[in-house]
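The next block holds one structure in the form of structure tokens; read it before the comments.
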Amino acid sequence: MESSISSTELNCISLADPDIQKSVALLKQACLDSGFFYVVDHGISEEFMDEVFAQSKKFFDLPHIEKMKLLRDKKNRGYTPMLDEILDPENQVNGDYKEGYYIGVEVPADSPEANKPFCGPNQWPAEEVLPKWREVMEQYHREALRVAKSVARIIALALDLDVDFFDRPEMLAKPIATLRLLHYEGRVSNPAKGVYGAGAHSDYGLITLLATDDVVGLQICKDRNAQPQVWEYVAPVKGGFIVNLGDMLERWSNCIFRSTLHRVVLDGRERYSIVYFVEPSHDCVVECLPTCKSETNPPKFPPITCSAYLTQRYKDTHADLSSYSDGKA
């Protein structure tokens with residue numbers, strides 16, 4: 001059973017605000033409350049954001065057979081078809097009614113780094129099919145990482161850490177940073193019957209930057225243990241990001257900061273969003289921060305490497321690639 005749906009108010013952080021302590025206070029309050037906040041004045045122009053959305057739509061408008069030629073590979077790069085992902089198996093009757101496209105940090109196939117999970121060359125539509133598509137997406141990937149690092153510096157200060165804590169080589173100097181384009185089909189969600197645009201889940205990594213079109217759909221649940229759960233809509237913000245904390249940051253902070261359940265519930269309109277997941281490097285050990293533990297508040301989680309944690313989480317939520325005949329159809 002669920003309560004009636006309302007909208008929530010989120011703190012808004014401007015990356016252009018010279019008063020860093022104000023930004024730290026706003027972010028800290030948001031992280032203690034819901035783990036969600038807005039980021040504006042981030043330096044990516046609205047014109048370029050519009051171009052990224054336009055290029056995303058061009059890909060999803062391709063015939064299904066063309067998209068399946070780029071089906072995600074074992075490195076989790078490429079196309080994910082409708083219903084490929086099931087984020088909330090206890091409550092969903094099918095998978096998510098969305099299709100997506102993963103783009104990671106580009107690593108040449110002959111590089112030693114390419115042997116690591118989530119590492120390797122991306123899959124790209126042919127230039128003659130989608131001219132400039134790769135160029136636009138690679139530029140956005142770079143710009144979004146710059147924004148994410150700026151946000152991570154504010155998070156570090158909010159956790160009483162050095163401002164450059166997350167800039168260290170094992171953290172975000174060589175991150176697992178993944179851009180995901182999403183298209184939700186024009187289907188009405190029905191939570192009572194287990195039909196969702198995206199099932200309830202928390203994100204896996206450090207932080208997530210979300211850009212959306214103007215179609216409302218994102219809902220958050222601030223207390224996952226409440227009965228009934230209370231779900232609230234998050235309004236889109238034109239030109240800005242909706243930012244949320246991931247499970248790794250919750251582990252790092254010993255649950256002081258929140259990784260909040262969220263889902264997508266749709267009203268029958270198509271919806272496009274652009275998600276940027278930011279995780280630290282493969283070998284980074286995620287363990288309780290020194291500023292987040294004490295004799296009375298010992299670490300709640302054992303240490304784990306970023307790579308091991310992500311591998312298991314992706315395996316739990318995505319269809320086995322062998323379920324697609326010959327891997328491409």
Heavy atoms of Val147 and His42 approach each other most closely as CG2-O, 3.7 Å

Rounded to the nearest 0.5 Å, the OG atom of Ser56 sits from the CH2 atom of Trp133 at a distance of 7.0 Å

Taken in chain and number order and not counting sequence neighbours, the residues that satisfy side chain to side chain donor-acceptor pair (under 3.5 Å) with Lys57 are Asp61

Q: With Arg168 as the cation and Phe165 as the aromatic partner, state whether NZ or CZ is under 6.0 Å from the six-membered ring centre and within 45° of the axis.
A: yes

Minimal heavy-atom distance between His141 and Ala177, with the atoms involved, is NE2-O, 2.9 Å

N/O donor-acceptor pair under 3.5 Å between Asn11 side chain and Leu26 backbone: yes

**Prompt:** Would Arg263 and Asp96 pass as an ion pair if we require N to O under 4.0 Å?
**Reply:** no

_4.5 Å side-chain heavy-atom contact, Val243 and Phe36_ = no

Should the pair Asp167-Lys149 be classified as a salt bridge under the 4.0 Å nitrogen-to-oxygen rule?
no

Report task. Kindly indicate whether a cation-pi arrangement holds for Arg72 with Tyr102, taking the cut-offs as under 6.0 Å to the six-membered ring centre and within 45° of the axis. Result -> no

Looking only at heavy atoms, the pair that brings Ser259 and Asp203 closest together is OG-O, 3.8 Å

Check: In terms of side-chain geometry, is the basic nitrogen of Lys67 or Glu99 positioned less than 4.0 Å from the acidic oxygen of its partner?
Finding: yes

Verify whether one side chain among Ser307 and Thr305 offers a donor that lies under 3.5 Å from an acceptor in the other. no

Please determine if Lys22 and Asp17 form a salt bridge, counting it only when a charged side-chain N lies under 4.0 Å from a carboxylate O.
yes

- Could you tell me whether the side chains of Gln55 and Glu51 share a donor-acceptor contact shorter than 3.5 Å? yes

Rounding to 0.5 Å, atoms OH (Tyr79) and CG (Asp73) come to a distance of 15.5 Å

